[in-house]
Amino acid sequence: MEKYKFVTEFELRSSPKVLFPYISTPSGLEQWFAEKVTVLPDHRFDFQWDGDSHIARQTGLRINKAVRFDFENTSDDNLDNNHVELKLEVSELTQTTFLRVTDYSSNRDEREMASLWDGFIDNLKDIVGS
């Protein structure tokens, strides 16, 4: 199945230091991204949406910068799995923090993906007061 890369960016009025726990820890992710997040051995996380479990390995982590999760068993050969990368970037000029989202999956509906991430980020903004 062919995969698609959806990339979007959101302005958040909060520092990377404040935002990072919300994108990298189970308790932070549960507040805006998934219904339940459990840590498993070997840097693996169990994300639950609508009662369904989705196992992902944390394959990237840069403190106060970025996190990446590669979802297991989402491709036939296990070499082209779905992944989500959440990257915090600060504009040198304005000192504004941006969250860049890269969502790589088989969902090719750009409007649906935009709506999904807009909802997630609205939840995050409510939490951090952005």
Side-chain angles (χ1 to χ4, degrees):
M1 182 177 278
E2 195 173 346
K3 303 288 177 116
Y4 302 91
K5 185 186 281 189
F6 176 78
V7 180
T8 188
E9 195 171 83
F10 300 93
E11 181 180 343
L12 297 169
R13 284 184 235 126
S14 193
S15 73
K17 195 176 275 192
V18 169
L19 291 168
F20 189 71
Y22 290 103
I23 68 169
S24 62
T25 66
S27 61
L29 289 160
E30 278 182 358
Q31 292 185 52
W32 68 278
F33 183 62
E35 293 165 8
K36 184 167 176 57
V37 181
T38 307
V39 176
L40 304 172
D42 298 325
H43 302 285
R44 293 166 62 232
F45 287 65
D46 180 0
F47 291 90
Q48 293 185 20
W49 291 280
D50 300 326
D52 290 333
S53 182
H54 303 271
I55 307 298
R57 180 178 303 280
Q58 185 185 63
T59 57
L61 180 71
R62 291 184 54 213
I63 302 298
N64 295 331
K65 296 273 187 208
V67 65
R68 177 177 161 145
F69 297 99
D70 287 0
F71 287 87
E72 298 179 352
N73 304 316
T74 54
S75 70
D76 294 336
D77 59 7
N78 220 24
L79 297 174
D80 192 31
N81 284 327
N82 298 355
H83 69 260
V84 170
E85 183 178 49
L86 305 168
K87 186 181 285 188
L88 296 167
E89 299 173 346
V90 177
S91 166
E92 299 275 330
L93 189 60
T94 64
Q95 296 303 304
T96 304
T97 302
F98 293 91
L99 175 61
R100 178 183 300 259
V101 174
T102 303
D103 188 334
Y104 182 74
S105 70
S106 55
N107 188 342
R108 68 169 58 190
D109 187 335
E110 194 153 329
R111 290 173 73 180
E112 182 180 323
M113 294 298 288
S115 176
L116 176 73
W117 281 102
D118 285 346
F120 284 148
I121 300 303
D122 284 347
N123 292 340
L124 179 59
K125 286 179 174 180
D126 286 346
I127 293 164
V128 298
S130 181

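On a predicted model such as this, the values are computed, not experimentally measured, just so you know.
- Placement of V84 and F98 in two distinct hydrophobic clusters is found when ILVMFWY residues are connected by side-chain heavy-atom separations under 4.5 Å, directly or transitively.
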Kindly indicate, with the supporting measurements, whether the criterion side-chain contact (heavy atoms from CB on, under 4.5 Å) is fulfilled by S15 and V18. CA-CA 5 Å; S15 73; V18 169; 3.4 Å; yes
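- Remark: side-chain polar atoms of E89 are not paired, donor with acceptor, to backbone N or O of R100 under 3.5 angstrom.
- Atom OG in S14 sits 8.5 Å away from atom CG in L124 (nearest 0.5 Å).
- Under a cut-off of 6.0 angstrom, the local environment of NZ in K125 is crowded, with over 12 non-hydrogen atoms contributed by other residues, nucleotides or ligands.
- Between the side chain of N107 and the backbone N or O of D109, at least one donor-acceptor pair lies under 3.5 Å.
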Where do E85 and V67 land on the side-chain contact (heavy atoms from CB on, under 4.5 Å) test, with the steps shown first? CA-CA 6 Å; E85 183 178 49; V67 65; over 6 Å; no
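- For the pair F20 and A66, the tightest heavy-atom approach, listed with the atom from each and the gap, is CE1-O, 3.8 Å.
- Of the possible polar contacts, one joining the W49 side chain to the F33 backbone as a donor-acceptor pair under 3.5 Å is found.
- Grouping Ile, Leu, Val, Met, Phe, Trp and Tyr residues whose side-chain heavy atoms lie under 4.5 Å apart, directly or via other members, places L40 in a hydrophobic cluster with I55.
- Taken to the nearest 0.5 Å, the NZ atom of K65 stands 9.0 Å off from the CG atom of L88.
- With rounding to the nearest 0.5 angstrom, the CG atom of L116 is 7.0 Å from the CG atom of D103.
- Using a 4.5 Å heavy-atom cutoff, the side chains of D46 and H54 are not in contact.
- For the residue pair N81 and E72, no side-chain donor N or O sits within less than 3.5 Å of a side-chain acceptor on the partner.
- In this structure, T97 and P16 approach most closely via the heavy-atom pair OG1-CD, 3.6 Å.
- The OH atom of Y22 sits 13.0 Å away from the CD atom of E30 when rounded to the nearest 0.5 Å.
- A salt bridge links R68 with D70: at least one charged nitrogen is closer than 4.0 Å to a carboxylate oxygen.
- Taking each heavy atom of S105 and M113 in turn, the nearest pair found is OG-CE, 4.3 Å.
- Separating the NZ atom in K17 from the CG atom in L19 is a distance of 12.5 Å, to the nearest 0.5 Å.
- The neighbour count for Q95 CD, taken as heavy atoms of other residues, nucleotides or ligands under 6.0 Å away, is above 12.
- For R57 (side chain) and F71 (main-chain N/O), no donor-acceptor pair under 3.5 Å exists by modelled atom type.
- Judged by distance alone, with hydrogens and angles left aside, the side-chain atoms of S115 form no donor-acceptor pair with the main-chain N or O of R111 at under 3.5 Å.
- Two different hydrophobic clusters hold V7 and I121 under the rule that ILVMFWY side chains link at heavy-atom gaps under 4.5 Å.
- Between F45 and F69, the gap from one ring centroid to the other is short of 6.0 Å.
- No side-chain heavy atom of T102 sits less than 4.5 Å from a side-chain heavy atom of K87.
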One pair to check against side-chain contact (heavy atoms from CB on, under 4.5 Å): T96 and V90. What are the steps and the verdict? CA-CA 5 Å; T96 304; V90 177; over 6 Å; no
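- Annotation for E110: atom CD does not count as buried by contact number, only 12 or fewer foreign heavy atoms lying within 6.0 Å.
- In this structure, the side chains of P26 and T38 stay at 4.5 Å or more apart for every pair of heavy atoms.
- The shortest distance between side-chain heavy atoms of L86 and L99 falls below 4.5 Å.
- Atom OG1 in T94 sits 7.0 Å away from atom CD in E11 (nearest 0.5 Å).
- Taking the ring centroids of H83 and Y104, they lie under the 6.0 Å cut-off.
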List the steps and the verdict of side-chain contact (heavy atoms from CB on, under 4.5 Å) for F10 and V101. CA-CA 8 Å; F10 300 93; V101 174; 4.2 Å; yes
